[in-house]
There are 2 protein chains.
Amino acid sequence: MESLLSSIKINVGSHLYIKDPESSDLGQNIISHSIELINELGIEKFNFNKLGKYIQSNESSIYRYFENKYKLLQYLSAMYWGIIEYRLVIETNAIEDNNTKLLKAIKILTLEPKNIDSYSDYNQLKLRDIIIDEFTKSYHHKDVDNDNDEGNFKIYKRLILRLVEMIKNVNPEYKYPKALSCHIVEGVLQQYYIQRHFKSLSDHKTENQVYNFFEDTITKVLNPK
Amino acid sequence: MESLLSSIKINVGSHLYIKDPESSDLGQNIISHSIELINELGIEKFNFNKLGKYIQSNESSIYRYFENKYKLLQYLSAMYWGIIEYRLVIETNAIEDNNTKLLKAIKILTLEPKNIDSYSDYNQLKLRDIIIDEFTKSYHHKDVDNDNDEGNFKIYKRLILRLVEMIKNVNPEYKYPKALSCHIVEGVLQQYYIQRHFKSLSDHKTENQVYNFFEDTITKVLNPK
DNA sequence: CCAATATAAAAGTATTACTATTATAAAATG
DNA sequence: CATTTTATAATAGTAATACTTTTATATTGG
């Protein structure tokens, strides 16, 4: 089947790049290979010099696309959340029952993406790993308010607000829909990171445990009885 | 009243420093002023050169205490979690009822510390802000497994496991005590960060909202009925 | 008072995160 | 097809950072 997202472009916000990387071969190369290299080195040890050598291009050419590596990380993050948001909308669209709908959303947020190719040209599993490892650093810094004003996190925030709506539909009386929504989206990343690195703090080391934990929490929090 | 913690030393783990900063004036100066300066600049723009000038000492002298600024951040984090753990133990000690005890623990984790002086010589509010802003970066990097093996996060993990025990005491049947415990401790920091920087994702911008959200969650999750 | 140790001052090195310059190649336009 | 614009590559350069090393000067303890 033809890829949907590879033809539909996710608008990540123009403040994230200097030149649109989707507009050229080099740009697309920068994206796909930065996913590989950031995944391998981590954002701290990754730099544009190394990326240039890796794609047999030049450091200064990469600087014509992205201001610096943290903007590139924000761009990759926006891509990731864009894909998740897109899946959230189309894969829950047909579901009538609000509760089932919310649980489907939690599945999309927690479980490893299957059918990878139908959503993106890039390596989605590695992109997801980058988000688990590095996303927190894309907004934990002193420029966060500027970056936010420029709209660099707007897809992420919109995704959280979509989840807020789903939460409200399940229980309109619930008092903390935004807190819960943020808590889930960030919590998923954190649970995976803990599973991988702090094993003594993890109940069961499976993918399903992460989903089950959030299903249990949400069900009890929203449907008290 | 005489300070308790200023006489009782928190053992943060010897891999965090080269020379124990509590053992000299310069060391204590490094701690207290790094709290000020990291708070002001953020960990990325902070460095030992600037700290040296700030305390009218020398860059190379600071390197005799700490390997690098990230080890210092881990040291400050261990200090913070050490104070919280200490409070968790002594302030909940006398409480009989398991549920009340857990809620008191949540209060200690969420609310701004009062009676600051009785727990530490250092500026606890600024230290807490550093933790909210920077703690995530102290373990989100490629050396995390080494640092963990060296015991650099042991106080943090012990704190989480203490909370796990409290959770189990409230409901021994509950399936995800570790996930919940991590989720609370990290979630508190995250809720404050969101309140400060992503206002559109925050339900109410008060300190109590953070506590109330966690109280509501825990009560429903652990006492379903 | 001497010896050990801690700190300060200064200089040096390797790396990083860019910027600038020029050259060359590819693409667009007339 | 020729020309102008634009994209990329190669190279070099700069300022800052994250340390390390060396030497000098205090401070402290026996």
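The chains referred to below are lettered A, B, ... by the order of the sequence lines, with proteins before strands, and numbering in each begins at 1. Computed from a predicted structure; not experimentally measured.
No engagement by A/Y70 is indicated, since no non-hydrogen atom pair under 4.0 Å with the nucleic acid exists. Within 4.0 Å of A/N49, counting heavy atoms only, lies no atom of the nucleic acid at all. Using a 4.0 Å heavy-atom distance criterion, A/F66 is classed as making no nucleic acid contact.
The salt bridge (charged side-chain N to carboxylate O under 4.0 Å, His left out) contacts involving residues 52-63 of chain B comprise nothing, where partners must be two or more places apart or lie in separate chains. Sorted by first and then second residue, the salt bridge (charged side-chain N to carboxylate O under 4.0 Å, His left out) pairs with a member in residues 134-144 of chain B read B/E44-B/K137, B/E134-B/K137; sequence neighbours excluded.
B/K50 has its NZ atom 10 Å from the P atom of D/dA16, to the nearest Å. Atom CG in B/L51 sits roughly 13 Å away from atom P in D/dA18 (whole-Å rounding).
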Pairs of donor and acceptor atoms involving the side chains of residues 60-67 of chain A, under 3.5 Å and at least two apart or interchain, shall be tabulated with distances.
{"residue": "A/S60", "atom": "OG", "partner": "A/N58", "partner atom": "OD1", "Å": "2.9"}
{"residue": "A/Y65", "atom": "OH", "partner": "A/S24", "partner atom": "OG", "Å": "2.5"}
{"residue": "A/E67", "atom": "OE1", "partner": "A/K71", "partner atom": "NZ", "Å": "3.3"}

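Partners of B/H33 by side-chain contact (heavy atoms from CB on, under 4.5 Å), not counting sequence neighbours, listed by chain and number: B/N29, B/L51, B/Y54, B/I55. Contacts of B/S200 classified as side-chain contact (heavy atoms from CB on, under 4.5 Å), with partners at least two apart in sequence or in another chain: A/K157. Under the rule for a side-chain contact (heavy atoms from CB on, under 4.5 Å), the partners of A/D203 that lie at least two apart in sequence or sit in another chain are A/Q209, B/Y176, B/P177, B/K178, B/A179. By the ring pair (Phe, Tyr, Trp, His ring centres under 6.0 Å) test, A/Y139 pairs with A/F135, B/Y193, B/F198, sequence neighbours left out. By the side-chain hydrogen bond (donor to acceptor under 3.5 Å, both in side chains) test, A/H15 is found to be paired with no residue, residues two or more places apart in sequence or in another chain being considered.
Sorted by residue number, the members of residues 15-48 of chain B with any non-hydrogen atom under 4.0 Å from DNA chain C read B/K19, B/S24, B/L26. For DNA chain D, no neighbouring residue in residues 133-150 of chain A is found when judged by any heavy atom under 4.0 Å.
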Spell out protein contact along nucleotides 20-30 of chain D as letters: B when the base is contacted, S when just the sugar-phosphate is, - when no protein heavy atom is under 4.0 Å; keep the 5' to 3' order. BB---------
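Using modelled atom types and a 3.5 Å distance limit, the side chains of A/H140 and B/H140 yield no donor-acceptor pair.
In this model, the phosphate group of D/dA9 is approached by a side-chain N or O of A/S57 to a distance below 4.0 Å at OP1 or OP2.
On the nucleic acid side, DNA chain C contacts chain A at distances under 4.0 Å to non-hydrogen atoms, with the end points of that region at C/dA17 to C/dA20.
Comment: A/D145 does not engage B/K199 in a salt bridge, judged by the lack of any side-chain N to carboxylate O separation of less than 4.0 angstrom.
For the pair A/R158 and A/F153, the NZ or CZ position fails the cation-pi test of under 6.0 Å to the six-membered ring centre and within 45 degrees of the ring normal.
In this structure a side-chain-to-backbone donor-acceptor pair under 3.5 Å is missing from A/T110 to A/V210.
Ring pair B/Y75/B/Y17 is perpendicular by interplanar angle, where above 60° counts as perpendicular and below 30° as parallel.
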